[in-house]
J.: 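Structure in structure tokens, see below.
Since this is a predicted model, take the numbers as computed values, not measurements.
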Amino acid sequence: FLDMWKVPAHVLAGRDDHDLQKYASEQVKSPDAFVRRVQELYIKPESESFEMIELKDGRVFERYSRPQRIAGEFVGRVWSFRDVSERHRSEEERKRVHRFLESLIQNTPAVAIQIYERDGRVELWNPASERMYGYSAAEMRGQRLQDKVMNQAEGEMFVRQLDWIWTGQKPLPPFEVPPGFTADSYF
């Protein structure tokens, strides 16, 4: 705790909870909310809490607090902090990349691009797909492509292709199915 919050010796030596809380609140992005939440927990000692705390220096801490009891009697509060900065940064980067890719896909006017769940349900359907198949993204999201635009044989081939992709057995390049093409000739 002391290292995470970079508590200086003079604050620690004072053994004053208010000084420690003030020092910590000066490091967070939302000091008023930080202090208010701590005060709420002291007012309602039986409450438990779990929050993410963003610090001004970019770090992110998880804070968990619960009452401490001995023989069923409330005797204090346990505070637990964990530095989740790296996980938070990774998640933010994943979201950024996802937004970028979705924007790229949605703004590719001449190429029909879809993203499917493993069972063939549509997750993403760009405007070129709308023009090609005649279904809007809203109509297709959550629907199985094979149920909307394929006959049974094509649907079976599509499901096998998805299975191969999801299990990493064989990458499938973009292609159009030529007349007379069968699933057996590809797999």
J.: Distance from Asp119 atom CG to Leu162 atom CG, nearest 0.5 Å?
T.: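 So the CG of Asp119 and the CG of Leu162 are separated by 8.5 Å.
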J.: Any ion pair linking Glu92 and Lys95 (charged N to carboxylate O, less than 4.0 Å)?
T.: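 Yes, charged N to carboxylate O under 4.0 Å.
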J.: Heavy atoms only: give me the nearest Val60-Asp83 pair and the separation to one decimal.
T.: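 Heavy-atom minimum between the residues: O-OD1, 3.4 Å.
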J.: Working to the nearest 0.5 Å, report the span between NE2 of His98 and CD of Glu93.
T.: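 The NE2 atom of His98 sits 13.5 Å away from the CD atom of Glu93.
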J.: Applying a strict under-4.5 Å side-chain criterion to I, L, V, M, F, W and Y, I'd like to know whether Val78 and Ile53 cluster together.
T.: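 No, because Val78 and Ile53 fall into different hydrophobic clusters, even though each may have its own neighbours under 4.5 Å.
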J.: With the side chain counted from C-beta on, respond yes when Leu20 and Phe1 share a heavy-atom pair under 4.5 Å apart, and no when they do not.
T.: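 Yes - at least one pair of side-chain heavy atoms lies under 4.5 Å apart.
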J.: Under 4.5 Å between any side-chain heavy atoms of Phe158 and Met150, yes or no?
T.: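 A side-chain contact exists here, since the closest heavy-atom pair is under 4.5 Å.
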J.: Is the closest side-chain heavy-atom distance between Glu123 and Arg141 below 4.5 Å?
T.: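 No, every pair of side-chain atoms sits at 4.5 Å or beyond.
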J.: When you look at NZ of Lys56, are more than 12 heavy atoms from neighbouring residues, nucleotides or ligands closer to it than 6.0 Å?
T.: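 Yes, enclosed.
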J.: Is Arg160 salt-bridged to Glu156, going by a charged N under 4.0 Å from an acidic O?
T.: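 So Arg160 does not pair with Glu156 through a salt bridge.
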J.: Enter the distance from Ser49:OG to Lys44:NZ here, rounded to the nearest 0.5 Å.
T.: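 Rounded to the nearest 0.5 Å, the OG-NZ separation comes to 12.0 Å.
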J.: Hey, is Glu40 close enough to Arg37 for a salt bridge, meaning N to O under 4.0 Å?
T.: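 A salt bridge is present here (some side-chain N lies under 4.0 Å from a carboxylate O).
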J.: Is it the case that more than 12 heavy atoms not belonging to Glu46 sit under 6.0 Å from its CD atom?
T.: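 Yes, enclosed.
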J.: When the ring centroid of Trp5 is compared with that of Phe61, is the distance short of 6.0 Å?
T.: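 Yes, they do, as the ring centres are separated by less than 6.0 Å.
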J.: Please give me the minimum heavy-atom distance between Thr108 and Asn126, naming the atom from each residue.
T.: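 Heavy-atom minimum between the residues: O-ND2, 3.5 Å.
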J.: Measuring from Arg77:CZ to Trp79:CH2, what's the distance to the nearest 0.5 Å?
T.: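 It is 5.5 Å, given to the nearest 0.5 Å.
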J.: Can you list the steps and then say if Tyr135 with Glu130 is a side-chain contact (heavy atoms from CB on, under 4.5 Å)?
T.: CA-CA 5 Å; Tyr135 292 100; Glu130 291 178 347; over 6 Å; no
J.: Working note: Glu91 + Arg94, criterion salt bridge (Lys or Arg N to Asp or Glu O under 4.0 Å); need CA distance, chi angles, decisive distance, verdict.
T.: CA-CA 5 Å; Glu91 179 62 19; Arg94 187 198 65 75; 2.8 Å; yes
J.: Does Glu86 offer a backbone N or O that forms a donor-acceptor pair with the side chain of Ser90 under 3.5 Å?
T.: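 Present.
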J.: Shared ILVMFWY cluster between Leu104 and Val111, side chains joined below 4.5 angstrom?
T.: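 No: no chain of side-chain contacts under 4.5 Å links Leu104 to Val111.
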J.: Going from CD on Glu102 to CG on Leu124, what distance comes out if it is rounded to the nearest 0.5 angstrom?
T.: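 So the CD of Glu102 and the CG of Leu124 are separated by 5.0 Å.
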J.: Hey, what do you get for CZ (Arg82) to CE (Met52), rounding to the nearest 0.5 Å?
T.: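 Separation between the atoms: 8.5 Å.
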J.: Glu139: which residues meet the side-chain hydrogen bond (donor to acceptor under 3.5 Å, both in side chains) condition with it, sequence neighbours left out?
T.: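 Counting only residues at least two positions away or on another chain, Glu139 forms a side-chain hydrogen bond (donor to acceptor under 3.5 Å, both in side chains) with Ser136.
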J.: Is it true that the side chains of Tyr64 and Glu48 contain a donor and an acceptor less than 3.5 Å apart?
T.: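 The criterion, which ignores hydrogens and geometry beyond distance, is satisfied for Glu48 and Tyr64.
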J.: Can you tell me if Phe50 has over 12 outside heavy atoms packed within less than 6.0 Å of its CZ?
T.: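 Above 12, so yes.
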J.: Less than 4.5 Å apart, any side-chain heavy atom of Val122 and any of Glu117?
T.: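 No, side chains not in contact.
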J.: Cluster question for you: counting only ILVMFWY and a side-chain heavy-atom cut-off of under 4.5 Å, with indirect links fine, are Ile105 and Trp125 together?
T.: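 No, Ile105 does not connect to Trp125 through the hydrophobic network.
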J.: What is the minimum heavy-atom distance between Val159 and Gln146, and which atoms define it?
T.: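 Heavy atoms only, the tightest pair is CG2-NE2, 3.4 Å.
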J.: What are the two closest non-hydrogen atoms of Val149 and Glu154, and how far apart are they?
T.: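 Looking at all heavy atoms of both residues, the closest pair is O-OE1, 4.3 Å.
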J.: Apply side chain to side chain contact (heavy atoms under 4.5 Å, CB included) to Pro45 and list each qualifying residue two or more places apart in sequence or on a separate chain.
T.: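 If we apply the side chain to side chain contact (heavy atoms under 4.5 Å, CB included) test to Pro45, skipping adjacent residues, the hits are Phe74.
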J.: Quick check: closest heavy atoms across Pro67 and Arg69, and the distance to 0.1 Å?
T.: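 The pair with the smallest heavy-atom distance is CG-NH2, 3.5 Å.
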J.: Given the rule in the salt bridge (Lys or Arg N to Asp or Glu O under 4.0 Å) test, do Asp17 and Lys22 qualify, once you have shown the distances and angles that lead to the verdict?
T.: CA-CA 9 Å; Asp17 190 44; Lys22 182 178 183 302; over 6 Å; no
J.: I'd like to know whether CD of Gln152 has more than 12 heavy-atom contacts from other residues, nucleotides or ligands below 6.0 angstrom.
T.: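 Counting neighbours around CD of Gln152, 12 or fewer heavy atoms of other residues, nucleotides or ligands fall under 6.0 Å, so no.
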J.: Which atom pair, heavy atoms only, marks the closest approach of Leu41 to Ser47?
T.: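 That closest heavy-atom pairing would be CD2-CB, 3.9 Å.
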J.: Is it true that Ile113 and Met132 fall in one hydrophobic cluster, defined by side-chain heavy atoms closer than 4.5 Å?
T.: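 Ile113 does not cluster with Met132.
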J.: Check whether any side-chain heavy atom of Glu54 lies under 4.5 Å from a side-chain heavy atom of Val28, and answer yes or no.
T.: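 No. Closest side-chain heavy atoms not under 4.5 Å.
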J.: Does a donor on one side chain and an acceptor on the other come within less than 3.5 Å for Tyr116 and Gln114?
T.: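 Indeed, the side chains of Tyr116 and Gln114 share at least one donor-acceptor pair under 3.5 Å.
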J.: Does Asp147, at its CG atom, have more than 12 non-hydrogen atoms belonging to other residues, nucleotides or ligands within less than 6.0 Å?
T.: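 Above 12, so yes.
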J.: Are any of the side-chain heavy atoms of Glu26 and Phe34 separated by less than 4.5 Å?
T.: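 In short, these two side chains do not touch, never coming nearer than 4.5 Å.
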J.: Tell me whether Ile115 is reachable from Met140 by hopping between hydrophobic residues (I, L, V, M, F, W, Y) whose side-chain heavy atoms are closer than 4.5 Å.
T.: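 Met140 and Ile115: separate clusters.
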